[in-house]
Amino acid sequence: MKNPRTRNLILGLSAILWPFLVLMLYFVFHKPFGPELAGSLAAGAWRLALGFVLVAVSGALGQRIAPLEDLPRLVRLSLQAALGLGIAALAILLVGATVGLHAWLLALLPVAVGVLLRRSLRTWLRQAAALRDLWRESDGFGRAVAVLIALLLLNALTVALAPPLKFDALVSHLALPQDYLLAGRVQYLPGHVMSGMPQNAEMLFTWAMALGGLPAATVLGWWIAVLAVIGLLGYFRQRLKVRSAWGGAAALLAGFSLVMLTAWGYVDWLALLFGFAVLVLLERWRRKLDPLSLLLGGTFIGLAV
């Protein structure tokens, strides 16, 4: 290892991977694989897949409404999913306040959207190929940063899959969805100080929780954070350079709190995603002077509020 950059990269990756190795060896010798562990792994896989499905059908809905073909693919991927998630939150609020929160009905929503908008769904999914292109365009620095970002997000995912423990999630962001599901509808809860806003993120958490249990909500929050990072990568790639794209994403994830907020069941990353969408659309309006950009920008401001 005569090359200092290679040596530093190997040392850095070793420092990150070492705790995972220790944890794996602990489970090998202390917790043999059995039905209980198999059930936990299956539940985790279901919640991860469920979160992706909810994001994907939301992306299909957003793609149908706002193709935004002049924007980079990764930016479109992020903004269209954000728009679809906002619409889904309002739809769940409407359904929950009228018909009621029935698990079968909440499960029917993604199935119906996926079938009816299957072409838009395929178009939205194909945009993710831009991540492969970004990897190919990256040099050693960019790829090293990409690996570190992936490890940070995967580490946060393990926290998202565990039962939530953070204060705001337990008294507000996840408590409201639980109370709505117990009541069978979205309604005013006089014993809850945060009741009656209504809250977009909490509607999405209700959706996920009804189909996958409490950790499904935190996993959906993790997927929302991944969407925001992907959108920023695409925007920085267009406005600056490939290295700057990875550097910008790394700067955002350099703080402990922002990384862990991806997994705590909080609403900050959804607000960040909506805010990012507003800035992109305002810049698009400045270039094109089209009413659609202002309309969508105002929509995202309303969703954030």
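Side chains included, hydrogens not; waters and symmetry mates left out as well; all remaining heavy atoms used. These numbers were taken from a predicted model, which means no experiment stands behind them.
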Glu69 with Arg76: basic N within carboxylate O range, under 4.0 Å: no
Is there side-chain contact between [X] and [Y], with at least one heavy-atom pair below 4.5 Å?
| X | Y | result |
| --- | --- | --- |
| Thr262 | Leu152 | no |
| Val186 | Leu94 | no |
| Val267 | Gln199 | no |
| Leu117 | Trp124 | no |

Side-chain (Asn200) to main-chain (Ala89) donor-acceptor, under 3.5 angstrom: no
Under the salt bridge (charged side-chain N to carboxylate O under 4.0 Å, His left out) test, residues paired with [X] that sit two or more places apart:
| X | result |
| --- | --- |
| Arg136 | none |
| Asp290 | Arg284 |
| Arg119 | none |
| Arg239 | Glu283 |

Ring pair (Phe, Tyr, Trp, His ring centres under 6.0 Å): pairs with one or both residues in residues 128-174, sequence neighbours excluded: His173-Tyr266
Residue pairs fulfilling ring pair (Phe, Tyr, Trp, His ring centres under 6.0 Å) with at least one residue in residues 64-85, sequence neighbours excluded: none
Nearest atoms (heavy-atom pairs only) where Leu258 meets Trp269: O-NE1, 2.9 Å
Non-hydrogen atoms of Ala66 and Leu83 that approach each other most closely: CB-CD2, 4.1 Å
Checking [X] now: which residues fulfil side-chain contact (heavy atoms from CB on, under 4.5 Å) with it, not counting sequence neighbours?
| X | result |
| --- | --- |
| Leu214 | Pro164, Leu174, Gln178, Met209 |
| Val95 | Val99, Leu105 |
| Leu289 | Trp285 |
| Ser244 | Leu240, Lys241 |

Side-chain donor-acceptor pairs under 3.5 Å in residues 41-62, sequence neighbours left out?
residue, atom, partner, partner atom, Å
Trp46, NE1, Leu211, O, 3.2
Arg47, NE, Gly212, O, 2.6
Arg47, NH2, Gly212, O, 3.3
Ser58, OG, Leu54, O, 2.7

Ring geometry between Phe300 and Phe274 (parallel below 30°, tilted from 30 to 60°, perpendicular above 60°): tilted
Summary of side chain to side chain donor-acceptor pair (under 3.5 Å) pairs that have at least one residue in residues 79-90, sequence neighbours excluded: Gln80-Gln127
